Amino acid sequence: MSRPKDASRPQARKPRGFPDKSAAMLAAERELVDAISAVYHRWGFDALDTGPFETVEALGKFLPDTDRPNDGVFALEDDDGSWIALRYDHTAPLARYVAEHRAGLPKPFRRYAAGPVWRNEKPGPFRFREFIQCDADAVGVAGPAADAEMIAIAAEAMEAAGAARGEYQIRVNSRLALDAVMEKAGVSDPAQRGTVLRALDKYDRLGREGVELLLGAGRKDESGDFTKGAGLAAEKAGLLLDFAMARAGSRAETLSGLRQLLAGNNTGERAIEEFVQIDEVLTALGVDDAAAAFDPSIVRGLDYYTGPVFEAELLRPFKDADGNEVRFGSVGGGGRYDDLVARFTGEQVPATGFSVGVSRLAAAMAAEAGGAAVGPVVVLVMDRDRVAESSAMAAELRAGGVRAETYLGSSGMRAQMKYADRRNAPAVVIVGEDERARGVVTIKDLKAGAEAAAGVEDNEAWRNERPGQFEAPCSEMVSRIREIVERA
RNA sequence: GCCGCCUUAGCUCAGUUGGUUAGAGCGCUAGAUUGUGGAUCUAGAGGUCUCCCGUUCGAACCGGGAAGGCGGUACCA
């Protein structure tokens, strides 16, 4: 009866966060990668692939806990006892590459990379442990003009990804400005600065009240878990909150607000000057207020960035598989990282870059599109002894540029039709005794057939009508099929 | 990592105050249909009720633990 449990039999279960990808998903990913890469290429970046693994030392400084190299990254011990790990982004490998080959590289060095990255952390909906990033970086360029250009590229990449202007926004801030406001608020302890930055970063999600709690005593979330706050006095927290909320209707308006907030502080003056230059270049490049805004609540990771930082936000909501609206928020980010190469060489090399998370975008678009990918034309086999004839017809279709396959299963016609339907085939080709006798082929347009059948309730009528079906001379088979495929 | 909720057929879910053979819809397979995907009707396959331990004469149901899932939160280079 019931099979005995066999301990040696593995469970057919895949690890979380590594989704199986359908044909539709793969097509969406490839389209996005191609479109975004084309933008980078057009702006003068060269493609470079550094492979999936780096030494943990190369990724090292930014590991959360160097004693446990498997935390955060996927690491394994090499045969010489050293540890290597899968890259968690494209920027750290680039820094290593530049340091390793600095003598032979043109300066500035402009490079783009597209491929999977891996993060060993808790996955969630639209959040994976393996995902594709499309990354562009300019190494050896200092100054806000280079950052402004990256922002313009980010905007163009979003539009190439299918977000019209107004459906996305690049939100720009600066570490300098954050430093300035923390200086003014008297926050100097490194640990406290970290807590403050993390709190400000949550403004989007928690709003002013939530951030206020995190800057002060702390906050209890709805599950009852408590997060300790930065312990700031209300007055200091107020200044930080005013800063985080300083985004106004346009870059110019935000700037004038920041001028007042940061007045009388040296770092603040420098931050303002940086914003002014970025704004000028953005305007010159045609990046308007809808495409890129100054937003002081943008923080991004802690250790890595040294100047301007920015995030690409998708404003258009998507529907998930259950029809619920999903707001995506950030689908890409970047900024200036002047110290990353210096880790290897000791010599400071200024750099700025931007990266798009393609997998989330593709997952969203595929989920919304919902449908399966269009399948091949299926040539049915009516007479098992004449498989070769079907094979020849399928070959003729392929030679004519049509994706086609011969049905090679062992079932009857009904099952073959069901197979074609399930494959989402645009059409089937039927040649049985009748057709052979008259030198014709029967072609059935499955999509037209399904539409025409929607109103037919009577089985006999359905069978007589054979909706979507017609005969054609053998010589016209390829051209008639192509008409159908092109319409699909 | 921490907190909360959940787990019965491929999917969505009923069910039993603990009592012989556990249900529905959808899906799947086959037939009605001799050469036709839809619709309709009929039949069939598919479950140690997530797992382990305990309480009990008896557990899918009660208790404890584990695993997995969902949500929140922390971290996110």
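Here the structure is a predicted model, which means the values were calculated and not measured. Chain identifiers are assigned alphabetically (A, B, ...) following the order of the sequence lines, protein sequences preceding nucleic acid strands; residue numbering begins at 1 within each chain. Below, all heavy atoms of this structure are taken into account, side chains as well, without hydrogens, waters or symmetry copies.
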Look at the side chain of A/Asn459 and the base of B/rA39, then say whether one donor and one acceptor between them are separated by less than 3.5 Å.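 A donor-acceptor contact between them is present.
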Please confirm whether any donor atom in the side chain of A/Gln469 sits under 3.5 Å from an acceptor in the base of B/rG35, or the reverse.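 A donor-acceptor contact between them is absent.
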Side-chain N or O of [X] closer than 4.0 Å to phosphate OP1/OP2 of [N]:
X: A/Lys202; N: B/rC75; value: yes
X: A/Arg414; N: B/rU36; value: no
X: A/Trp462; N: B/rU40; value: no
X: A/Lys418; N: B/rC28; value: no
X: A/Arg422; N: B/rC28; value: yes

Look at the side chain of A/His90 and the backbone N and O of A/Ala114, then say whether any donor-acceptor pair between them is shorter than 3.5 Å.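 No, A/His90 side chain to A/Ala114 backbone: no donor-acceptor pair under 3.5 Å.
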Where the side chain of [X] is concerned, which of [options] is the nearest nucleotide?
X: A/Tyr304; options: B/rG35, B/rG69, B/rA77; answer: B/rA77
X: A/Arg127; options: B/rG35, B/rC76, B/rU36; answer: B/rC76
X: A/Arg16; options: B/rG35, B/rG68, B/rC75; answer: B/rG68
X: A/Thr227; options: B/rU73, B/rU36, B/rC76; answer: B/rU73
X: A/Lys444; options: B/rA77, B/rG72, B/rU36; answer: B/rU36

Within a radius of less than 6.0 Å around CD of A/Glu433, do more than 12 heavy atoms belonging to other residues, nucleotides or ligands occur? no
Rounded to whole angstrom units, what separation is found between the [atom1] atom of [X] and the [atom2] atom of [N]?
X: A/Tyr407; N: B/rU36; atom1: OH; atom2: C1'; value: 14 Å
X: A/Glu460; N: B/rU34; atom1: CD; atom2: P; value: 14 Å
X: A/Lys228; N: B/rA74; atom1: NZ; atom2: C1'; value: 15 Å
X: A/Arg300; N: B/rC76; atom1: CZ; atom2: C1'; value: 10 Å

How far, in whole Å, is B/rU29 from B/rA9 if one measures between their C1' atoms?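 After rounding to an integer number of Å, I get 15 Å for this pair.
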Side chains of A/Thr352 and A/Asp147: is there a donor and an acceptor less than 3.5 Å apart?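 Present: a donor and an acceptor within the cut-off.
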Whether A/Phe109 and A/Tyr97 hold their rings parallel, tilted or perpendicular, with breakpoints at 30° and 60°: parallel
Taking for each residue the nucleotide of RNA chain B with the nearest heavy atom, is it A/Arg119 or A/Pro467 whose nucleotide lies nearer the 5' end?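 Its nearest nucleotide lies further toward 5', so the answer is A/Pro467.
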Report yes if some heavy atom in the side chain of A/Tyr407 is under 4.5 Å from a heavy atom in the side chain of A/Ser390; otherwise report no. no
